[in-house]
Structures are given as C-alpha cells and as structure tokens.
Amino acid sequence: MKFDWAENWPQFAEAFGQTIYIVAIAMGVGGIVGLVLGLALYTTRRGGLLQNTAVFTVLNVLVNFIRPIPFVIFLTAVGPVTIAITGSRIGTEAFIVPAAIMASFATSRIVEQNLVALDRGMIEAARSMGASPLRIIFTVVIPEALAPLILGYTFIFVAVVDMSALAGLVGGGGLGDFALTQGYQRFDWAVTWITVLVIVALVQVVQFVGNSLARRVLHR
Amino acid sequence: MKFDWAENWPQFAEAFGQTIYIVAIAMGVGGIVGLVLGLALYTTRRGGLLQNTAVFTVLNVLVNFIRPIPFVIFLTAVGPVTIAITGSRIGTEAFIVPAAIMASFATSRIVEQNLVALDRGMIEAARSMGASPLRIIFTVVIPEALAPLILGYTFIFVAVVDMSALAGLVGGGGLGDFALTQGYQRFDWAVTWITVLVIVALVQVVQFVGNSLARRVLHR
Amino acid sequence: MSEIIRLEGVHKSFGEGPGAVHAVEDVTLSIDRGEIFGVIGYSGAGKSTLVRLINGLETVTSGRLVVDGAEISAMREKQLREVRPEIGMIFQQFNLFPSKTVAENVAYPLRVAGWDKARREARVAELLSFVGLADKARARPTQLSGGQKQRVGIARALASEPKILLADEATSALDPETTRDILGLLRRVNAELGITIVVITHEMDVVKYLCRRVAVMERGRVVELGEVYDVFSRPRQDVTRRFVGTSLRDRPSPEVLARLAATHPGTLVTVGIQEDTGSSARLMRTLGEHEVDGAIVYGGITEIGERPFGSLTLALTGEDEAIRRALADLGGYTTVQEYPELEELKR
Amino acid sequence: MSEIIRLEGVHKSFGEGPGAVHAVEDVTLSIDRGEIFGVIGYSGAGKSTLVRLINGLETVTSGRLVVDGAEISAMREKQLREVRPEIGMIFQQFNLFPSKTVAENVAYPLRVAGWDKARREARVAELLSFVGLADKARARPTQLSGGQKQRVGIARALASEPKILLADEATSALDPETTRDILGLLRRVNAELGITIVVITHEMDVVKYLCRRVAVMERGRVVELGEVYDVFSRPRQDVTRRFVGTSLRDRPSPEVLARLAATHPGTLVTVGIQEDTGSSARLMRTLGEHEVDGAIVYGGITEIGERPFGSLTLALTGEDEAIRRALADLGGYTTVQEYPELEELKR
Amino acid sequence: DAAKGSEDNPVKIGVVGSSDPQWPVFKDLAEKEGIYVDIQNFSDYNQPNPALADGDLDLNQFQHILYLAQYNEADNQDLTPIGATAVYPLGLYSQKHTSVEEIPQGGEIAIPNDVTNQARALFVLQEAGLITLKDGAGVVPQPADIDAAASKVKVTPVDANQTVVALDSVDASVVNNDFLKDAGLDANDALFADSAESEGARPYINVWVSRAEDADNPTYTKLVELFHDPSVTEAVKDASGGTASIADQPASELQDILTEVQGSLK
Ligand SMILES: Nc1ncnc2c1ncn2[C@@H]1O[C@H](COP(=O)(O)OP(=O)(O)OP(=O)(O)O)[C@@H](O)[C@H]1O
Ligand SMILES: Nc1ncnc2c1ncn2[C@@H]1O[C@H](COP(=O)(O)OP(=O)(O)OP(=O)(O)O)[C@@H](O)[C@H]1O
Ligand SMILES: [Mg+2]
Ligand SMILES: [Mg+2]
C-alpha cells in the first residue's frame, strides 16, 4: 500500500502550496516584525543610538521568554490570539500566527547580532549631519549591514521552512507534514525523501539567491 | 490527578539534568564543529582567504540539505550513525547525536554570517606580515568578530534548548519533554508553565552572560 | 565681529578615576563669525576631541559651550539634531559610508536637509567636479585612493552649505597641488559665503595660508592663541617655536649648520625678517654701511597673512670689528642668532 | 649597489572592459638594496597600488616583479607568505587590529615571526617608547588620536626588523615635531640596519630629507625618476615642477607677486640658487659689481641631500641700464625669472 | 551476562506515556516477582517499533494490532503480539453541540493525525453518519478517501492533543480515549463512540509486542500475566475514565488477528 504518486499528485501539490503560503506569510510578517524588534534591541542597548536600559531589558527578557518555549506548547498558548485573528485554532492560517510570532523573535536576534559590530565612525558622520536615529537606521545602519542581514534572513528562511513541518500539528498541512504523515508515519521512505528533496531544493534556490545578493552587496 | 510535585520532584530533577546534559554536549560539539564548518564557508567563499569554489559549493549545498529536514525525519535517517556512536537509537545519548549534528549546521551559518562583513583592511595587514590563513582566522578574524559571535552562540544556545524538547521522540527525556508529557499532553497547564519557566530562566542566565561578554568585547 | 563659537572652561575626559584621559582641559576661547580659526598641536594634544565637542559628537565633561547662540553643552541629542545641519564636518578618518557610491555619500547631507532631487544632483555634480572626482561618482569608497576618500569627505561636509565647517586634518592625505586647490576652495567659501571654518592641521603652511587666528594645544590645554602673524613671528611657547621652525624650515638644524660652517667662510648668523622690525633691504643696507659682506646661505622669506616673514642665515665676511658692530646695529631692530659654538669649531 | 626590487613593465588594472581602472601602467624601475626610494604624485596616481604590488597584496595584471630574487608576480599566496615577513608595511589607512591593544598590535608580527615572549615584550616596549606611546600600551585603537594610530602602525611595521619597509604616507597624520622624530628613526634604521625603504609621500620635505631617488607618478605611469637633487633642481615634467614649487614655497604665486610689487620699489626678479650654478654669495657680488641694490623680498634656500637649493625673489633698485646688465650677467650662470607683466602694472 | 529480568539486565519496555498510573504499579509488582523492568518513554509513536526491532527494547506496549500490522507491513518486520491489554472506545466530543444531529452541514471535525487513529476516527465518523468513505478506502483510510460530495462535514487531522485543545474552534473532535481524564472530558458526554466489544473493534485491541523469536519467552509471558493483576487493570481503567475494557485474548488469537489485518493491508 505504498504511496501512489499518480493518484495523489494533487495532494502533494496542495502541500507544496501550503508550505509556500506558510513560509511566505510567516517570513513576511516575521521578517518585518523581527527587523523592528531587532532594531529596537540594537538601538536601545548600551551605547546605542537611543540607549534605553528599561526598554532593552524588557525586550531582551521577552524575546528570551518566547524563543525557548517548545513550539507545540507555544502554539497552544497563543491559541486565543490565533482565534482572534483567524477565527480558528486549526488550519493553515491558524498555524501561521504562532509561526510568524516565533519567526519574529528569532529574526530579532539575528538582526541585532548583525548590527552590533557595525563601525561607529559612519554613524557618527550621519549624526554630525543632523540625521535622526530613524533615518540613520534606514539609510546607514541597514544598508551598511546588508550583506550579513541577507545571510541572516536566509538563515531564518531555512528555520521557518523547518518550522513549517509542524503545521500538521493543527492541520495546517504543508510539505513537512506531508513527509511526516504520508512518508515517515507510514514508514514509506520513498515518499519521505522525495518530499524532503523538494523542500531542500526550495531552500537551495533561496540560499543561492541570498548568497548572490550578499556578494553583490559586499561589492567584491 | 494533577501532577504531584512533592512526590515527583526527582523526576523533574532528572529531566533538568537531562536537558543540561543534552544542551551541554550538543552545544559543545555543535559549537566547535559549527565553528569549523562556518569558518570553512567563510574562507572558501568568493574573495575569501582560501577561496575555493568547489569546497564552498559542496559545503553550502550540504548545509542547506540538512538544515530544512524535519527533525524527526532527520533523527530517523541518522539512526545508523547514532547506533554506531552510542550503541542505541534511543535514550538521551542517542538524541544528542542528531541534535549535535543539527546544531553544527545551524551554527555554521551563524558563524559565516558574522564573519562575512569583517573589515578587510586588518586581514590585509595580517597577510602582509606573512601570517598563514589559519593564524589569521584564529588571531584576527575570530577576535575581531567576537562580539557578534558571542551573540550568535547565545542564539544557537536558545535554539538547542528549544530542540532539546524533542528528546522525548527517542525517550531522551529532558525538561521540554517533561513539559510536554507531564504538562501539555495531560492538559496540566501548571506543570507546563512551571517547567517552561525553568527553561526560560536557564536561557535568561545564558543570554545575560552572552550580552555582558559581548559588551565587554566591544570595549564600550 | 560677532562671536559664533564660545568655549568657557571646557573639560573633556575619557574614562574615570586614575586611568582617565583628560583630552581637553579648561579651554576657554571664542571664535568669530566668518573667521578661519586654526588649531595646531602635537599628535594626541586634544585637537580632534575639541572640535568634536563643538558639534556635540562628544559631550562636554564640564564647562560651557555655545554655538551660534545655542548652548550645545546643555542640549540633548534631539535638540543637537537641529543645530548640526548648520555645522559641516570633515573627519580625520573620513568616515565615509562604504556601501554608498561617492555621489550618494555627497548627497547624503542634502537628503537629510531635504533638498529635492534636481537640486541635489546639480549640487553633487558641482562638488564632485570641484574636488576632481566627477569620474568616480559611481565608485564605492573601497575603490578609492586615500586622497580620493578625503576629497569625498570634503565635498560631503560642504554639500549643504553649512554656517560652520569643522575641518579635522582636511588635507592630510592630499598631494601639494590638490591641497592648494582645496585650500583655495575653503578660502573662497569663507570669503563668498561667510562660512566660519575651524581648521585642525599639522601643516603650518595651511595655517599660514588660511587662518587669521590660531590656537596651539598641548596636553589638552590651549597654551597659545592669537593672530597667526603674531604667533608665528613671536612664538612664546616652546611647542609653538618648534612648529614654526619646522614649518618655515628657515632656521637651520645643528647638522645643517655644521655643514654650512664647513663649506662657507665667515661668521654664520641667523637674522629675523619681519615686516615691522627688519626688512631684508634694511638688513643689507646695515651690512653695507659697515662694509661687511653677507652671503645668504640658508633661510627664507614667505608671507603670513599677506605680510612678509622669515629669517635668513648669512655668512658674514669682513673685519672682525666691523662684523661685531654690524651685528650690534642689527640687534637694535631685529632678532639676531649667533653661533659661538661654531666659531669654537673653526678655531 | 645590488638591486632588491625590480619591476618590469608592470600593469595593474581593477575591473575589466571599458570601466576598468588602470591604476599602474607599464612601470619599469629598480630599487637598490639599502636605498630610500621616494614615490610622489597626485592623489589617485597609483602610488599605493604600486607598493601593494611589491608585497603581493595586489596581484600584478601583467609584467614581472622581483623582490630580493623572488619572482613575486609568479608566486602563489602560500609562497608569498614566506617572503612577506621580510617586508614591513605601513598602511595609508593604518589597518590596526581594533580588538587588540596597542602593545598586542605591535607584538603581532613578532608572534608571526615566532619571537619568544621575553624578546617580544622587550621589543614592543622599545618601539612604543620610541614612537612616544609607552603610556598607551594597553589602550585600544579606538581610543587613540589619528596620529597615535599612525605611530602604532609605524611601530608594528618596524617590529620584526624587515629587510624592506613600504611606508605609505607614514607621517601624513603627524605634527611636524613627531614627523621629524619618525623620519629620524627611518633614516637611522636605514643607515644602521641597511633596511631598504620605499616611501610614498605627498610631503616634499619628507622626500628631501629622506630619499636618495624619487619617482614621480602620474595616471599610473612613472613620468620622472632620478636623484632627488636632480629631479628637484631640474624638474622636467609639469607635475614635478608644481610639486617642487609648492614644496619649496620659494617661488611667489601671482597674488603674492602683485602684493610685493605694490609694497616694494624696484624690479622684481626670481633667481635660482643651486650649488653648482649659482650661490647666493656670487649672486650678491654680481649685483654689487653693477651697483644694483637687491632686497630679498621672498624665497628661500634649503638643502636637498645636503646640497643647497632654492631661489630668491629680489627687488632690484638702481639704474635701469645697470639692472639690465646685472640680469644679463646673472643669466649667464643661473636661472632668472623676470616679471614684465608687473612692470606694465607699475607704469 | 546477567539473566534477562535481573536487576543488572532489566527488561526494557517501550511505552508512550510512562506517566500513566498503571506503570509504577506494574513495575513494583514485577519486582516483587523478581523481574526487573525499565520503562522507556517515547513521545512519538513511530520510534518504539523500530527500537524493538533493533533490539534496543525487549518489549513495547503502546499500540493496537492495526498499528502493529501497518508497521510490520511497511518496514517488513515480524514483531509479534504476545498479550492483550485493553480496548478503548473512540468517541466524538463537542463543546458546541449536544448531539450528532446538531452538527451542521459543512461543519469541521478535528481528528488525530497519526495513521491508525486517523483511520479509526474516519470509521467512527462514517458510523455516525457524518462522512462517507469512497469505495476501496481499505482498512487504513485517510482524509483523501472521503467522498466529499456525500459527506456532511469537513475533516481536519491534527496532533492528537490538539483535538482536545481545538474543541473551542471546531464543531466536534474525535478524541483519543487516553486523553479524556486529563482533558476533563467524560466518556458519557461523547456524542458518539464505537463499541469496544464489537467485531469491528478487534484490530484496535492494544497489545504487548515482542520480536518474533521472543514470543514464547517465559519472562515476557509472565509480565503479560502480571499486567492483568487487578491492581494494574484497575489503574488502567481508572486512567481511561472507566472506558477501557480490559482484553485478555491469548497470544495465538492476537497473532491470528494480526495476520488477518496485515493481509488486508497488502
Ligand atoms: N580596489 C579598487 N577598485 C577599483 N579602483 C581602485 C581600487 N583601488 C584603487 N583604485 C583606483 O586606482 C587608482 C590609484 O589608486 P591608488 O590608491 O594607488 O592611488 P594613490 O596614488 O595611492 O593616491 P593617494 O595619494 O590619494 O592615496 C585610483 O584612481 C583609485 O580610484
Ligand atoms: N574614546 C577615547 N577613549 C579614551 N581616550 C581617548 C579617546 N579619544 C581620544 N582619546 C585620547 O585623548 C587624547 C586626545 O585625542 P585627540 O584625538 O583629540 O588628539 P588629536 O590632537 O586630534 O591628535 P592627532 O593629531 O594625532 O589626531 C589622546 O591621548 C587620545 O588617546
Ligand atoms: Mg586628531
Ligand atoms: Mg594612496
């Protein structure tokens, strides 16, 4: 009773679509919210553009509070939020809510990390021209840290793809769930690895794009 | 039949010990192997100290191959390796093998990312003195990127703690599994959150240490 | 002339306790609107720190600092932001934005100041062609030579036509020709637009060419301050004397003197040339009166602030007595440096 | 004298196709063991690129480059590593290690060279006290002034006693006094240890003080090359003439001339002073013979390579005819520059 | 080597949910009889069978015959049931509705997403008249086998735990029996449940499993016997909220059922 590709092709295609959907939205939302959070961590940290110990401490603790919670527990805990947003705790959309939140927090650390060692001379130059902190962030800090940021986002992309395999927890589908339920749980290694290969291919494409962008941005 | 702390305290303590064990070894091994892999990615990339397109491509594809595989599938796939190393595919040690491998690959990307934007002037200075690539890596590249690297390792630490919650898959125990099986799966939210809080506290301590080290290293 | 920058008892320390570095100590000075003010001093004297206080990049540890009526030393970052667009700065380390092109670097302050695209582009083109980098508009800073980077920094600082320009070693990486062009530009913006310029430099020629007044710093303090001509012609501090000396290169070093004594007959003396005390014509006349022959063997006369200044080292030949009398006469109206140690050698 | 560095038809381009920058073009030159060789030229002329080729930091696009018998241009990175400890480099942008202390920065090449701890510490202490930074040994580069950074760079480059020193604008951030100390040090290591030094500089005084030979670069090419005295006293290229002029500051600019003409009676002329052609004593004698009075109003005489060199601008008064004859005589043995345009103005 | 079951070489038993109350009782009982056991807990159903097949475990006890059959078939193994434990009914629960009839057309039902519980849940829903399975759906149907046109509701497979959590956002959930007590659900509130005694429930008898060669190992047989001690079965029943019906079929009968089920999977 092995998997019948010919017959179940639409099921696979649907899972593929779900993964794209989950990853696109979780990355989109998580990427932006994570950027904001990461910038907040960077700017409020000691010696930052808007040094503010109170804000930094709260954010720092919050991010560390959320990140280590086992995902299925976190997903259950944010259920009420999910219901408020999507009307249900189950289904693809319902999975995206906790996934996007988790992605945001993870991204915030990646962003922070990539900005923290930025050369202060050019930030001083911008300050000396009277540029506001917000302007400095968007016109100096981000452009100057773009290469590592791109690689950081590529990292997060892979993490989100990996996380999307958990969508099955709430009936969210996706390729990861497909590999698990149609392959792994049925001990059908062909299905498992074919699906995993598709996921890997997706990741390779994005990494390739990320690498080329980073290289271009480094002007080598 | 809620959880009886007085009676089951040893069970909790054991889970705590398992988490520390898993995280310590997975971080230790993953941190070092990841550093080596990350340095390899950094040095062989175009414009790197040991630019080598073939090696870079192989490593790049390999890392991207492993990282997005859903963890439970990966764990099963590396089973033979696990058996070869620990003699069994189940138990705490058996979990550490795939966890350390995954941690290595994730760490490699974090390391790569934090080195890629390093100022080339000082690397040139070291080259001009006849320093070998290996020496440059250990005496210039790593020391100069230390602040973001420390934050990067703190990030990976949290990720490994998070991953350790999956130890239960192979009977590996740990706090995450404790929260899941004693709390979440029994709908006992008190146990769930108490356990999660202990995990969070652990993470906060490490993050605090990471932040202070990074700050000291930045000389502000 | 109205005052635009005033420092009153300004201190700046880095760190605390016994390991603290007192980079600027008790500096009180005032700079007039429209003047070009020079700051010189040894490496590490506190010059960069001083100007970085003026636009608030460093905060004053104690003392008062007022720029154009605004009390910088009492301002918070947010208020400083309103003052800063009026103060351009050329950084000693250039501090260019590495990921922006040359044109984007120069355009940056214009964006901050809200100039529209067309004006911005015109201004950038004008500045780049002035600093001779029109062909590098689309290059990145990493592709530039040291002097090219510095010129981008200069163009960027001047872009938004600030009221005050802080130039920290603005020509240190430039060849003499390019330096002359840049100094000419600075003089022009000062004359035409009335921009006040504070110039830190270790090149005395820059001071002589540009500045009206100069402050000499030593270990955080301003040890001498005045009109450039006065400071250069009558240096009171040791540090000033050394700087002026090396700069004019008009006073021979002991090695050079020894060589001159070996190759020239006669008595070597160095005589000061100054507008008000001794012109070279008067000098020659005095020698002629005493029938002493004076061959110029070293030294020079240049202008400082459009007034002649320098010294000449002469090899005097003639009657010993005549020479003695001639020197006495000279000593009556200018400085005369004799070298008895060389006479010893000759005997 | 044996040759230590030889370039044969060396080219270096950045980029390809029509947008390529040809930083060094067809340079052929040879530097002797133990000499101090200067490289001057406009900003962007290719000076830094040229010296970066010498230790293989940039790879030659075409041509041959041999250093101390080793063909650098044919070497792979691994082989270069064996040659490089013998070549110290002072970088134009300093390139210090920001996370290491000053002492650790200076000790780095010694670690690479495998010196033991005791020798390393002694050497670092010696170098730091020489460059005047003993008290900054434990500071980090970010806590240093521009000149202090440069001095750390100098100490680091000299640390392991290399055979060749590449000094790219090594004193550009230093005050005159410190510059003199550093130049003295370079001259000493050259004289005592026989280190070959290639000096890039835009300060002509540095060339005059240090170098035996100098190459003048313009747009990637070496346009003039020779003994410093010859190049300075008889510059053949326009660029050289300008550099020498600004450097000696002995020839008045048109503005200065106009002022001199206004304030001094008589005819202004500028007369060259050179060891072999015209000494100032001979000059004065000639004027005396024709009963012409010559007041020195501008100019200077210094030494290049221990030989006198310069020019004097004189205001000549006397009979028109006498002046004419005196000038004719002078023109017989030295260069005379007259200013007919000023005479026009006077009338 | 110490003999199997001695203190130095305990019998390793893989379970899913070692915190269930019967295990401490069972462990103590076995020790009194001189057999030492090591209860190894798994959080994932997929791991205990390969672990047993590899020899990492001696026995496991977490699955029903259908699950075992499916594993044997897929992984080409011959793990063997050596004793029965219990049969649990599988029920449909709701916070919104009080009867099956109330569930609206197009309603959403959450079911467990592990292969066999999912299949059984689909049978439950078919029995309750909420869905219709396509012809040839087989013994282990999945949601793709639902004839949507002929069905009243939409089915969403989720993590077994989430069937309980999601009660607040679906019309009803098929909830595994072992969650009832912890989740505070009462088996009597089920809108619908399959019957443990029925013939159709035979593939769902939970079993003790060993490797084929150990099927007659007396130590293991003894353990199976001990499991049916009243102190243990009480704990089992208690944990299931009284819904478990203890099963005691002999090993040979269980092996027959396995062969039958496995045959139908081919
Ligand atoms: N990496 C690079 N990519 C592209 N062009 C470069 C690069 N490095 C240098 N150039 C160009 O090569 C030319 C020579 O540069 P170089 O640094 O050698 O000049 P330089 O003579 O040292 O000038 P300066 O006195 O200003 O330091 C310049 O036009 C510069 O823009
Ligand atoms: N951030 C800092 N932390 C500690 N000390 C500092 C810092 N910045 C400057 N200093 C010290 O303050 C003193 C003055 O430095 P400053 O940069 O003002 O000197 P400067 O006069 O500009 O010298 P230069 O001509 O070499 O540029 C120096 O001794 C320097 O080491
Ligand atoms: Mg300075
Ligand atoms: Mg250069």
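In the text below, chain A, chain B and the rest are named by the order of the sequence lines, each starting its count at 1.
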* Test side chain to side chain contact (heavy atoms under 4.5 Å, CB included) applied to B:Y42 and B:V111, step by step -> CA-CA 8 Å; B:Y42 164 72; B:V111 169; over 6 Å; no
* Looking at A:A201, A:G152, A:A145, A:S164, which one has more heavy-atom pairs under 4.5 Å with chain B than the rest? -> A:G152
* **Aromatic centroids of B:F95 and B:F71 separated by under 6.0 Å** => yes
* To do: Select one option (side chain, backbone, both, neither) describing which atoms of A:A106 are under 4.5 Å from chain B's heavy atoms.
  => both
* Give the member of A:I199, A:D119, A:T192, A:N114 that has the highest number of heavy-atom pairs under 4.5 Å with chain B. => A:N114
* To do: Take the angle between the ring planes of B:F12 and B:F178 and call it parallel below 30°, perpendicular above 60°, tilted in between.
  => perpendicular
* Asked: Is chain A contacted by the side chain of B:V161, its backbone, both, or neither, given a heavy-atom distance below 4.5 Å?
  -> side chain
* Structure fact -> Scored by heavy-atom pairs under 4.5 Å with chain B, the best of A:T154, A:T195, A:V160, A:D162 is A:D162
* To do: Sort A:L197 into side chain, backbone, both or neither according to what part of it lies under 4.5 angstrom from a heavy atom of chain B.
  => side chain
* Region of A:F74 in contact with chain B, defined by heavy-atom distances below 4.5 Å -> neither
* In Å and rounded to the nearest 0.5 Å, what is the CD to CG distance from B:E112 to A:L151? -> 5.5 Å
* Asked: Side-chain donor-acceptor pair under 3.5 Å between A:N52 and A:R45, yes or no?
  -> no
* To do: Please report the C-alpha distance between B:I137 and B:L49 in whole Å, then the side-chain angles of each, then the deciding distance to 0.1 Å, and finally whether the side chain to side chain contact (heavy atoms under 4.5 Å, CB included) criterion is met.
  => CA-CA 9 Å; B:I137 284 169; B:L49 275 168; 4.2 Å; yes
* **Option in B:P148, B:A165, B:A77 with maximal non-hydrogen atom pairs under 4.5 Å from chain A** => B:P148
* Asked: Relative to chain B, which segment of A:V63 carries a heavy atom at a distance below 4.5 Å: side chain, backbone, both, or neither?
  -> neither
* Asked: Do we see a donor-acceptor contact under 3.5 Å between the side chains of B:N211 and A:R46?
  -> no
* **Ring centre gap for B:F155 and A:F155 strictly below 6.0 Å** => yes
* Asked: Using a cut-off of under 4.5 Å for heavy-atom pairs, which of A:I73, A:V206, A:L149 has the most such pairs with chain B?
  -> A:I73
* Looking only at side chains, do B:N64 and B:R109 share a donor and an acceptor under 3.5 Å apart? -> yes
* Asked: chain B heavy atoms under 4.5 Å from A:N60: which part of the residue, side chain, backbone, both or neither?
  -> both
* **Proximal component of A:A159, with respect to chain B [non-hydrogen, under 4.5 Å]** => both
* With a 4.5 angstrom heavy-atom cut-off, which part of B:L175 approaches chain A: side chain, backbone, both or neither? -> neither
* Which answer fits A:V158, side chain, backbone, both or neither, if we ask what part of it has an atom under 4.5 Å from a heavy atom of chain B? -> both
